[in-house]
Amino acid sequence: QVQLAESGGGVVQAGDSLRLSCAASGRSFGYYIMGWFRRVPGKEREFVASINWTTGRTYYVDSVKGRFTISRDYAKNTVYLQMNSLKPEDTAVYYCARRDGPTTTDANAYVLWGQGTQVTVSS
């Protein structure tokens with residue numbers, strides 16, 4: 001099976017930028033959705049952005065529109081999340097995930113998950 005591994009997190013100040021990567025190992029062919037979620041202690045995972053692996057069509061939660069950009073690289077089997085103008089409320093563990101089906105913000109619909117990468121934004 002395909003495994004997902006996030007990287008690129010770190011500690012930054014408000015207004016800074018980070019680029020998260022999600023590398024897929026093993027087979028990663030077909031028609032599916034790749035999504036980014038984030039989670040803070042005591043809360044469930046929150047949808048951030050998604051991309052249709054085949055078409056490249058993207059979808060974002062309102063709070064990150066204009067600041068975050070999701071993209072993918074077929075050759076590297078990698079999906080990215082470019083995060084600009086970071087805010088303290090963006091602090092969370094960020095996860096990438098895969099879903100076989102239509103775009104959705106429901107974390108329960110995503111079956112395959114990475115282990116997460118920590119993003120901390122100080123004020």
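Quick note: numbers below take in every heavy atom, side chains included, and nothing from hydrogens, waters or symmetry partners.
- When side chains are defined from C-beta on, L18 counts as touching L86, because their heavy atoms get closer than 4.5 Å.
- Residue E89 qualifies as enclosed at atom CD: its count of foreign heavy atoms under 6.0 Å is above 12.
- Counting non-hydrogen atoms of neighbouring residues, nucleotides and ligands closer than 6.0 angstrom, the CD atom of Q115 reaches no more than 12 such neighbours.
- Contact annotation: the side chain of D73 approaches that of Y80 to within less than 4.5 Å [non-hydrogen atoms, C-beta and beyond].
- Side chain of E6 to main chain of C96: a donor-acceptor pair is present (N/O by atom type, distance under 3.5 Å, no hydrogens or angles).
- The two residues A14 and S123 make their nearest non-hydrogen contact at CB-CA, 4.5 Å.
- Between W53 and Y74, the ring planes are perpendicular. Angles over 60° get that label, and only those under 30° would be called parallel.
- Residues R72 and I51 share a closest heavy-atom pair of CD-CD1, 3.7 Å.
- Ring pair F47/W36: centre-to-centre distance not below 6.0 Å.
- Under a 3.5 Å cut-off, the side chain of T91 and the backbone N or O of T120 do not form any donor-acceptor pair.
- Counted by atom type alone, S17 and N84 present one or more donor-acceptor pairs between their side chains at under 3.5 Å.
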Practice task
Before giving the answer on side chain to side chain contact (heavy atoms under 4.5 Å, CB included), spell out for T105 and Y59 the whole-Å C-alpha distance, their side-chain angles and the decisive distance to 0.1 Å.
Solution key: CA-CA 9 Å; T105 62; Y59 182 76; 3.6 Å; yes
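- Between L20 and M83, the closest side-chain pair of non-hydrogen atoms falls below 4.5 Å.
- Looking at R67, its side chain does come within 3.5 Å of a backbone N or O of S85 through a donor-acceptor pair.
- The two residues V111 and W113 have their closest heavy-atom pair at O-CD1, 3.6 Å.
- Cation-pi geometry between R98 and Y32 is satisfied (NZ or CZ under 6.0 Å from the ring centre, within 45° of the ring normal).
- One distance of note links OG1 of T104 with CZ of R99; it measures 5.5 Å at 0.5 Å rounding.
- Applying the salt bridge (charged side-chain N to carboxylate O under 4.0 Å, His left out) rule to K65 yields the partners D62; only residues at least two apart in sequence or on another chain are considered.
- In this structure the side chain of K87 never reaches within 4.5 angstrom of the side chain of V121, judged on heavy atoms.
- Side-chain atoms of Y94 and R38 include a donor-acceptor pair closer than 3.5 Å.
- Cluster annotation: V93 and V79 are assigned to the same hydrophobic cluster (Ile/Leu/Val/Met/Phe/Trp/Tyr, side-chain heavy-atom contacts under 4.5 Å, transitive).
- In terms of heavy-atom proximity, V40 sits nearest to A92 at CG1-CB, 3.7 Å.
- In terms of heavy atoms, A23 sits closest to T78 at CA-OG1, 4.0 Å.
- Two residues are said to be in side-chain contact when any heavy atoms from C-beta on lie closer than 4.5 Å; M34 and C22 meet this criterion.
- Between atom CD of residue E44 and atom CG of residue N108 there is a gap of 7.5 Å, rounded to the nearest 0.5 Å.
- Counting heavy atoms from C-beta on, the side chains of L4 and L112 come closer than 4.5 Å.
- Taking CG from N52 and CD1 from I33, the interatomic distance works out to 4.0 Å, rounded to the nearest 0.5 Å.
- Inter-residue side-chain proximity for F68 and D90 is flagged as met; some heavy-atom pair is nearer than 4.5 Å.
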Practice task
Evaluate the criterion ring-ring contact (aromatic ring centres under 6.0 Å, His included) for residue pair Y95 and Y110; output intermediate values, then yes/no.
Solution key: CA-CA 11 Å; Y95 300 86; Y110 291 76; over 10 Å; no
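- Nearest approach of V119 to G9, heavy atoms of both residues: CG2-CA, 4.1 Å.
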